[in-house]
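Below is one structure, written out as structure tokens; comments come after it.
Note: hydrogens, waters and symmetry copies are ignored here, and every other heavy atom, side chains too, is used.
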Amino acid sequence: MGEETKTTGFSKIGIVGLGLIGGSLAKAIHTRTDIKEIVAVDKDEASLKMAEEEGVISASSKEDLSILSGCDVVILCAPVDVIKNMQDDLSKLDIGMITDVGSVKQPVVDAIKLPNFVGGHPMAGSERYGYACSNGSLFENALYVICLPDYSEVSANTLQKFEDLIRAIGAFPMRMTAKEHDERVAAVSHLPHIVASSLSLLMANRDDGALSRMAAGGFRDITRIASSNAKLWAGITSNSKEALLPILDDYIATVTLWK
């Protein structure tokens, strides 16, 4: 028997960006909720075709955002720098609520000052990327942060239904301010990525042929996330710098205690 679907109160969901997170959201919503219509926008035609063939989405467009009109919720799963420039296009559409999944929140809520916008960030992911790597179980037991901007006019009822949707895909909603989010995520996500990438670079520069052969499980565990999409992470760390740099200074100070 298939998994029991859960009622959310929504009927149509839009997703912009059908990569790892967007694709996983689409799959989770499709299989775990009673939502009948999921539409997607993505520049990658192969991803859209795959999602349509799998029956995950009901309609798609490569670049026409008008397909999102009439959606109860639109989830922006594009890179943060792309999301920050979407306000004008989104303001012209008839959408109930707009949210995003960016791992940096303050720059996004400062850029998307729409009354129907709510910041979001599912604390789940992988070093792999693209729709082909998406998984409907990705959010199982994950924390899903919600950041409600001061300017937001989204109703308490809509927020409650959105939190029900989050629970339906297996995650746990948690509210906090954008500033609180960025400071905490800089410590538990962005700093570890910098450390993993730096360690990988250091070892690559020192490798004499034997070093890479000697790197065992511990080294692979520590550096696994360094294989993530470099372009995507360049944008994340750049947008995270206000919260990230103080944490990085503390980390450097801690490491230098061993001198």
Side-chain angles (χ1 to χ4, degrees), residues 10 13-17 19-22 24-25 29 41 65 68-69 71-125 139 142-167 169 171-191 193 231-248:
F10 296 134
I13 299 291
I15 296 177
V16 178
L20 174 70
I21 300 299
S24 297
L25 279 170
I29 293 169
V41 178
L65 294 180
L68 304 173
S69 282
C71 285
D72 299 303
V73 180
V74 167
I75 308 173
L76 309 177
C77 303
V80 171
D81 283 327
V82 174
I83 293 172
K84 287 163 58 179
N85 292 311
M86 294 186 69
Q87 174 170 298
D88 289 346
D89 290 331
L90 292 170
S91 66
K92 301 171 185 175
L93 303 175
D94 177 23
I95 299 171
M97 172 183 155
I98 301 169
T99 186
D100 77 310
V101 299
S103 63
V104 185
K105 294 270 66 76
Q106 193 66 59
V108 173
V109 300
D110 286 345
I112 307 292
K113 291 187 177 294
L114 297 175
N116 58 339
F117 180 76
V118 175
H121 181 205
M123 300 296 295
F139 311 102
L143 191 67
Y144 198 119
V145 178
I146 298 174
C147 301
L148 186 65
D150 293 338
Y151 56 77
S152 180
E153 297 177 9
V154 175
S155 70
N157 180 55
T158 299
L159 280 174
Q160 181 60 58
K161 289 194 290 186
F162 182 56
E163 290 184 338
D164 289 342
L165 173 61
I166 289 171
R167 294 186 183 93
I169 63 173
F172 301 97
M174 181 178 185
R175 298 189 192 186
M176 64 183 69
T177 68
K179 183 175 185 295
E180 290 171 337
H181 168 275
D182 288 358
E183 290 174 348
R184 291 163 180 166
V185 171
V188 301
S189 177
H190 302 165
L191 176 62
H193 188 91
K231 183 178 180 180
L232 176 67
W233 270 95
I236 290 172
T237 52
S238 176
N239 280 282
S240 178
K241 62 185 178 183
E242 186 172 336
L244 178 57
L245 289 176
I247 296 291
L248 184 58

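The side chain to side chain contact (heavy atoms under 4.5 Å, CB included) test with L68 is passed by exactly one of V16, V73, D89: V16.
Contact of the L76 side chain with the V108 side chain is not registered, since no non-hydrogen atoms from C-beta on lie closer than 4.5 Å. Contact of the Y144 side chain with the V101 side chain is registered, since non-hydrogen atoms from C-beta on lie closer than 4.5 Å. Residues V109 and Q106 form a side-chain contact, since some pair of their non-hydrogen atoms from C-beta on lies under 4.5 Å apart. Side-chain contact between D100 and K105 is present, with heavy atoms from C-beta onward closer than 4.5 Å. Two residues are said to be in side-chain contact when any heavy atoms from C-beta on lie closer than 4.5 Å; H181 and H121 meet this criterion. Side-chain contact between R184 and V145 is absent, with no heavy atoms from C-beta onward closer than 4.5 Å. Side-chain contact between I166 and F139: absent, with no pair of heavy atoms (C-beta onward) separated by less than 4.5 Å. R175 has its side chain within reach of L159: a pair of non-hydrogen atoms, C-beta onward, lies under 4.5 Å apart.
One distance of note links CG of L25 with CD1 of I169; it measures 5.0 Å at 0.5 Å rounding. With rounding to the nearest 0.5 Å, the separation of CG in L65 from CG in L90 is 6.5 Å. Interatomic distance, CZ of F117 versus CD1 of I98, reported as 8.0 Å (0.5 Å rounding). In this structure, CE on M97 lies 12.5 Å from SG on C71, to the nearest 0.5 angstrom. Rounding to the nearest 0.5 Å gives a distance of 11.0 Å between CD1 of I146 and CE of M174. Once rounded to the nearest 0.5 Å, the distance linking NZ of K113 with OG of S91 reads 14.5 Å.
Closest heavy-atom contact between G102 and V80: CA-CG2, 4.1 Å. What you find for A186 and S240 is that their closest heavy atoms are CB-OG, 4.2 Å. Scanning all heavy atoms of the two residues, the minimum distance from L114 to Y151 falls at O-CE1, 3.3 Å. Listed here is the closest heavy atom pair of S152 and V118: OG-CG2, 3.8 Å. The shortest heavy-atom contact between T99 and G119 is OG1-C, 3.8 Å.
Without hydrogens or angle criteria, D182 side chain to A243 main chain gives no donor-acceptor distance under 3.5 Å. Between the side chain of S69 and the backbone N or O of L93, no donor-acceptor pair lies under 3.5 Å. Remark: the backbone N or O of A234 is paired with a side-chain donor or acceptor of T237 at under 3.5 angstrom. A donor-acceptor pair is defined here as one N or O able to donate and one able to accept, closer than 3.5 Å; no such pair exists between the side chain of K84 and the backbone of I112.
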